[in-house]
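The structure displayed is predicted, hence computed values, not measured ones.
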Amino acid sequence: MGAVGRRKGSLLVLAMLVALVGAGCGSDEPTDTGAQSGSGTQVKDLVSDGVLTVATELPAPPFWIGNDYDSLTGGFEVDLAKEMAKRLNLGSVKFVEMPFTGLVAGQQCPCDIDFSQVTITPDRAKVVQFTEPYFDANQGVLVKKGTKVGSLAEAKNIKWGAQLNTTGAAYIADTIQPTTEARLFDRTVDAFTALSAGQIQAVLLDTPIVLGAVKEKQIPDGEVVGQFKTGEQYGAVVNKGSPNLNAFNTVIKTLKSDGYIEQLLKKYFSDQVSMPVIG
């Protein structure tokens, strides 16, 4: 082949290379501005572009460590939300407030997803959408040191407190059926305050929540003396009609299968395993 032929051949190769590079750089990219995870799962119509907005109600150690939405230092659900954003290729996470009672009543959340230790129930599923479950829990008995609750019979004679619209409140009414009507509170911290003041003798809330409250010294002289085995599962909550439920479910399944959630359980809840079950 002569010099002209070589130049033509070189130009043809160069044109092919340019075409290949162009195909890899832009022409087949999705035009949607939503973020995309490594598995190809897209999120769209976020509260803020490129940001995963996550709601909860504080305080809630060890799921959320800190009392300020802008200066959280860690926690099971904090770490989980941040890892989800990372897997979805979102640039950052923003934490905002959403009252628990309003959330489970179906009020619109100013968020993309809410992590508030919400037990999945058929009634709640009528007004909110749940993600895949990410946590198993029972109902823990929080008392001041010296109060004993070793059996269901003893539990019937206790003056109970619980948070409004929780499965703990339902368990007291339906299963324990105490001789004294339980007091219900809008927030967990209000129940803890009543316990500290001696207005009630025990609080029934999810075991990890009351263990975290004791660890963070939210209740002076408080201790968790046991748990009722209820076999509950937590799911994150998204607003009805959210286009991102499938994307969130895909990421949660991946975080369970690759062991990330198991690592968080060991990090934050090693003491939950040894808690005695009240028969």
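- Side-chain contact between Val277 and Phe228 is absent, with no heavy-atom pair separated by less than 4.5 Å.
- One distance of note links CG of Leu46 with CG of Leu90; it measures 6.0 Å at 0.5 Å rounding.
- Side chains of Gln201 and Trp160: a donor-acceptor N/O pair is absent below 3.5 angstrom, by distance only.
- Residues Thr56 and Gln117 form a side-chain contact, since some pair of their non-hydrogen atoms from C-beta on lies under 4.5 Å apart.
- Within the 3.5 Å criterion, the main-chain N or O of Ala236 finds a donor-acceptor partner in the side chain of Thr131.
- Under the 3.5 Å distance criterion, the side-chain polar atoms of Asp190 are left unmatched by any main-chain donor or acceptor of Phe185.
- Contact check for Leu164 versus Leu184: side-chain heavy atoms found under the 4.5 Å cut-off.
- Two residues are said to be in side-chain contact when any heavy atoms from C-beta on lie closer than 4.5 Å; Glu232 and Asp136 fail this criterion.
- In this structure, CD1 on Ile219 lies 10.5 Å from CD on Glu216, to the nearest 0.5 angstrom.
- Using a distance-only test at 3.5 Å, with no hydrogens or angles considered, no donor-acceptor pair links the side chain of Asp114 to the main chain of Cys109.
- Taken together through direct or relayed side-chain contacts under 4.5 Å among Ile, Leu, Val, Met, Phe, Trp and Tyr, Leu264 and Tyr234 form part of one hydrophobic cluster.
- Remark: Lys148 NZ is loosely packed, at most 12 non-hydrogen atoms of other residues, nucleotides or ligands lying under 6.0 Å away.
- To the nearest 0.5 Å, atoms CG (Leu211) and CG (Leu205) are separated by 11.5 Å.
- The main-chain N or O of Leu80 is never found under 3.5 Å from a side-chain atom of Tyr260 such that the two would form a donor-acceptor pair.
- With Lys240 contributing its side chain and Val127 its backbone, the two residues share no donor-acceptor pair below 3.5 Å.
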**Q.** side chain to side chain contact (heavy atoms under 4.5 Å, CB included) between Asp70 and Phe95, worked out
**A.** CA-CA 7 Å; Asp70 295 323; Phe95 299 115; over 6 Å; no
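- Taken from CD in Glu83 to CD in Gln263, the straight-line distance is 9.0 Å, to the nearest 0.5 Å.
- Contact detail for Thr166 and Ala162: the closest heavy-atom pair is OG1-CB, 4.4 Å.
- Summarising the geometry of Leu152 relative to Thr175, their closest heavy-atom pair is CD1-O, 4.2 Å, with the distance given to 0.1 Å.
- Side-chain N or O atoms of Glu223 include none that pairs as donor or acceptor with a backbone N or O of Val143 at under 3.5 Å.
- No donor-acceptor pair closer than 3.5 Å links the side chain of Thr53 to the backbone N or O of Val47.
- Contact check for Lys94 versus Val54: no side-chain heavy atoms found under the 4.5 Å cut-off.
- The shortest side-chain heavy-atom distance between Pro208 and Phe63 falls under the 4.5 Å cut-off.
- Linking Ile, Leu, Val, Met, Phe, Trp and Tyr whenever their side-chain heavy atoms come within less than 4.5 Å leaves Phe100 and Val210 in two separate clusters.
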Q.
Assess the residue pair Asp186 and Gln163 against the criterion (side chain to side chain contact (heavy atoms under 4.5 Å, CB included)); give the C-alpha distance rounded to whole Å, side-chain angles, the decisive distance to 0.1 Å, and a yes or no.
A. CA-CA 6 Å; Asp186 287 334; Gln163 186 179 12; over 6 Å; no
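- Contact between Leu52 and Ile113 at its shortest, heavy atoms only, is CD1-CG2, 4.2 Å.
- Checking Gln199 against Arg183 by side-chain atom types alone, a donor-acceptor pair falls below 3.5 Å.
- In plain terms, the two heavy atoms of Ser257 and Thr254 that are nearest each other are OG-O, 3.0 Å.
- Inter-residue side-chain proximity for Val78 and Ile65 is flagged as unmet; no heavy-atom pair is nearer than 4.5 Å.
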Q) What's the verdict on side chain to side chain contact (heavy atoms under 4.5 Å, CB included) for Val118 and Phe135, showing C-alpha distance, side-chain angles and the deciding distance? A) CA-CA 10 Å; Val118 185; Phe135 193 93; over 6 Å; no
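- A donor-acceptor contact closer than 3.5 angstrom links the side chains of Tyr268 and Asp79.
- Looking only at atom types and distance, the side chain of Gln227 has a donor-acceptor partner in the side chain of Thr207 under 3.5 Å away.
- No hydrogens or angles considered: a donor-acceptor pair under 3.5 Å links the side chains of Gln139 and Asp206.
- Of the residues Val225, Ile158, Leu142, the one that meets the side-chain contact (heavy atoms from CB on, under 4.5 Å) test with Thr147 is Ile158.
- In this structure, the side chain of Ser242 does not engage the main chain of Val238 through any donor-acceptor pair within 3.5 Å.
- At least one side-chain heavy atom of Val189 sits less than 4.5 Å from a side-chain heavy atom of Pro59.
- Between Lys44 and Asp112, none of the side-chain N atoms (NZ, or NE/NH1/NH2) sits under 4.0 Å from a carboxylate O, so this pair counts as no salt bridge.
- The closest side-chain donor-acceptor pair between Glu77 and Tyr134 falls under 3.5 angstrom.
- No donor-acceptor distance shorter than 3.5 angstrom exists from the side chain of Ser48 to the backbone of Val51, with no hydrogens or angles considered.
- Taking each heavy atom of Val203 and Ala191 in turn, the nearest pair found is CG2-O, 3.8 Å.
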Q: Any chance you could lay out the side chain to side chain contact (heavy atoms under 4.5 Å, CB included) test for Met84 and Phe248, step after step, and finish with the verdict?
A: CA-CA 8 Å; Met84 285 186 66; Phe248 295 150; 3.8 Å; yes
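- A pairwise comparison of heavy atoms in Val93 and Lys82 identifies CG2-CA, 3.9 Å as the closest pair.
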Q | Lys253/Asp258 under salt bridge (charged side-chain N to carboxylate O under 4.0 Å, His left out): CA gap, chis, key distance, verdict | A | CA-CA 9 Å; Lys253 288 177 181 177; Asp258 69 12; over 6 Å; no
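- For the pair Lys229 (side chain) and Asn138 (backbone), a donor-acceptor distance under 3.5 Å is absent.
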